[in-house]
Amino acid sequence: MQPTSLYLHIPFCRHRCGYCDFNTYAGLDNLIPAYTDALIAEAEWLAAAAGERLPVHTIFLGGGTPSLLPLEGMQRLLQALHAAYDVAPEAEISLEANPGTLSPEYLAGLRAAGFNRISLGVQSASPHELLVLEREHDFSDVVNSVKWARQAGFENLNLDWIFGLPGQSLASWQRNLELAIGLAPEHLSLYALSIEHGTPFKELDTRGLLALPDGDAAAEMYELADSMLGGAGFVQYEISNWAKPGADGQPLACRHNLQYWRNLPYAGLGAGAHGFLAGHRTANVLAPAAYIKRMREAVQAGGPTAAQLPRTPATASAEPVDAHREMGETMMMGLRLVREGVSQAGFAERFGSTLEQAYGRSIRALQQRGLLETASGVLRLTQQGRLLGNQVFMEFV
Ligand code: SF4
C-alpha cells in the first residue's frame, strides 16, 4: 500500500500574532492535556477505521505552537502513533517550534522521543520587524535554539523566514539572509508576507497603516534570496523552499511537504486539520473544545465500525475528489516543485490521459508567455514563472 503521511495540528499559541490566520488560540493552554488525549484518540480511531495497518513515512506536528506541549504529552503521542500505524524506521518526524519556547532539556527529550526534524519559526532577525509581527522571541532565542537542537542531535533543521514586511528595506532583508545562512540550517523556507482576511494586519492595511513594500520590491527580495542562497550552496526545490544537498546529492527536502506537493495521501488530525485520504479532502471541526468533546463522546460510545475511512468523529466535512479535480490539484501543487515539476510519464500513468490531452492548450499558452517549460519529460515553471506562480496555477483550477 502507498505510504501515507500524518499531520497533527496543535492549535495553541502564547499570543496571537497580528498577521496570523491559522487555526490557533491564545489563552487555552489549560486544554492541552485533554487535547493531547483527544489527538491520540483520533489517531487510534482513524487507524482502526482503516481496517489494516497504514504504512506511514512522515509525521508532522504543526500549529499553532506544538512546542507548547509538555514532553510527557509528546512521548505519549509518538508512542501511540507507533502502536497504531506502521511507522517506517526511517520516517521523517518533524515538529514546528517557536524559538522562545525551547530549552536544551526539552530538545534532548524530543530527540529521544523520536523527533528527527525541527522547523523553527524565526520570521526575522530584526528587533523592529519582530515587534511589528508581534513575535515574542528575539534573535538570541533563535541562536540558542539552533545550538541546543544541534547539541540534542538534530541533523535536520528548517528555519522559516518572512519577507516583504511592513517597512522592510532590501538591505534589511539582505541582513536577514546573511544571518539565516550563518546559522547553517539544512533547510530554509522563505515566505512573502500575505495579508489575510480577518486578521489585525488586514484591518491596518485597509486603513493604510501598513507600509508594505510594493510588488517590485518583494520580487527583488525574492531574487536576492535566490542568488544569495544559491551562492551559499542551497538548492531551490520549491517556490518558497531551499535545502542543502544531502549525502546522495539531492536537496534535503521536507519529505512531509513533498507528500502535499505530489498530491499524495495524508491524514489531518486535530482541530481544524485538513487531510487528503481515501479520495476525499477532509476538514476537522475548528474549535479545540468542540474537538475534545467530539472525540471524548465518541470514544465513550465505542470504537469505529468498519470502513469509515476517511471520517473520524472530528470530521466536519469530507468531500470526494473526482479525477478532474485531482488532476488540477496535481498540476497546481506539482508545479510548485521547481526542479521536479510534473512528470509527463507520471501524469499519464496516474490519470490514464496525457498532459497534452488534459491541458494542451493551457500549457502551450503558458509556454508562449515564458512561464512554463518542458525539459527531459518534465513540465515545470521557468525562472519568470516562479515569480508569477499564481497566474500559472489558476489555469489548472
Ligand atoms: S506563533 Fe505562529 S501560529 Fe501562533 S499566532 Fe503567531 S504566527 Fe500564528
Side-chain angles (χ1 to χ4, degrees), residues 7-32 35-36 39 60-70 73-74 94-103 106-107 110 117-142 144-146 149 157-166 168 176 180 185 187-205 210 212 240-241 254 256-257 260 268-274 283-284 286-289 291:
Y7 172 78
L8 290 90
H9 189 69
I10 310 295
F12 307 104
C13 286
R14 280 188 181 157
H15 162 82
R16 211 167 145 76
C17 308
Y19 61 97
C20 180
D21 78 331
F22 297 136
N23 183 43
T24 188
Y25 306 83
L28 293 185
D29 291 14
N30 60 319
L31 293 182
I32 287 177
Y35 185 83
T36 308
L39 208 43
F60 193 103
L61 262 71
T65 308
S67 48
L68 291 181
L69 253 61
M74 291 294 192
S94 305
L95 176 95
E96 275 182 350
N98 277 343
T101 61
L102 298 173
S103 69
Y106 187 74
L107 282 158
L110 290 176
R117 186 174 188 272
I118 299 278
S119 178
L120 279 179
V122 178
Q123 320 313 0
S124 170
S126 143
H128 173 70
E129 290 167 6
L130 287 169
L131 198 66
V132 169
L133 288 172
E134 301 178 27
R135 302 292 298 194
E136 293 205 313
H137 65 265
D138 61 28
F139 191 61
S140 69
D141 293 321
V142 176
N144 283 331
S145 298
V146 169
L157 290 185
N158 170 56
L159 306 179
D160 275 348
W161 236 271
I162 306 180
F163 63 95
L165 301 178
Q168 189 174 47
N176 274 297
H187 192 285
L188 283 166
S189 298
L190 311 178
Y191 300 104
L193 178 70
S194 88
I195 305 297
E196 305 294 343
H197 284 286
T199 61
F201 265 37
K202 180 69 187 176
E203 197 175 321
L204 288 173
D205 191 34
L210 277 188
L212 291 172
S240 306
N241 288 278
C254 174
H256 184 83
N257 287 342
Y260 301 156
L269 304 168
H274 290 244
N284 274 357
L286 288 172
Y291 173 79

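Because the structure is predicted, anything quoted here is derived from the model rather than measured. First listed ligand is number 1; within each ligand, the first listed atom is number 1. Residue numbers run from 1 in the order of the sequence given.
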What atoms of ligand 1 come closer than 4.0 angstrom to any heavy atom of H15?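 So the answer, numbered in order with elements, is 5 (S).
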
Do [X] and [Y] get their side chains close enough for a donor-acceptor pair, meaning under 3.5 Å?
| X | Y | answer |
| --- | --- | --- |
| N98 | R14 | no |
| Y19 | D21 | no |
| N241 | S189 | yes |

Any chance you could measure I162, atom CD1, to L130, atom CG, to the nearest 0.5 Å?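 One gets 9.5 Å once the value is rounded to the nearest 0.5 Å.
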
Closer than 2.8 Å to atom 4 (Fe) of ligand 1, do we get an N, O or S atom from C13, backbone or side chain?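 C13 does place an N, O or S atom closer than 2.8 Å to atom 4 (Fe) of ligand 1.
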
Minimum non-hydrogen distance to atom 8 (Fe) of ligand 1, winning option of C20, P66, G63: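 When every heavy atom of C20, P66, G63 is considered, C20 comes closest to atom 8 (Fe) of ligand 1.
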
Counting only heavy atoms, tell me which of G62, G121, G64 gets closest to atom 3 (S) of ligand 1.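 Result: the heavy atom closest to atom 3 (S) of ligand 1 is in G64.
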
List the closest protein heavy-atom neighbour of [atom]: residue, atom name, distance to the nearest 0.1 Å.
| atom | value |
| --- | --- |
| atom 5 (S) of ligand 1 | C17 N, 3.3 Å |
| atom 2 (Fe) of ligand 1 | R135 NH1, 3.5 Å |
| atom 1 (S) of ligand 1 | N98 ND2, 3.2 Å |

In a check of side-chain contact (heavy atoms from CB on, under 4.5 Å) between L69 and each of T101, T36, L8, which one passes?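 Passing option: T36.
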
Check step by step if ring-ring contact (aromatic ring centres under 6.0 Å, His included) holds for Y191 and F163. CA-CA 6 Å; Y191 300 104; F163 63 95; 8.8 Å; no

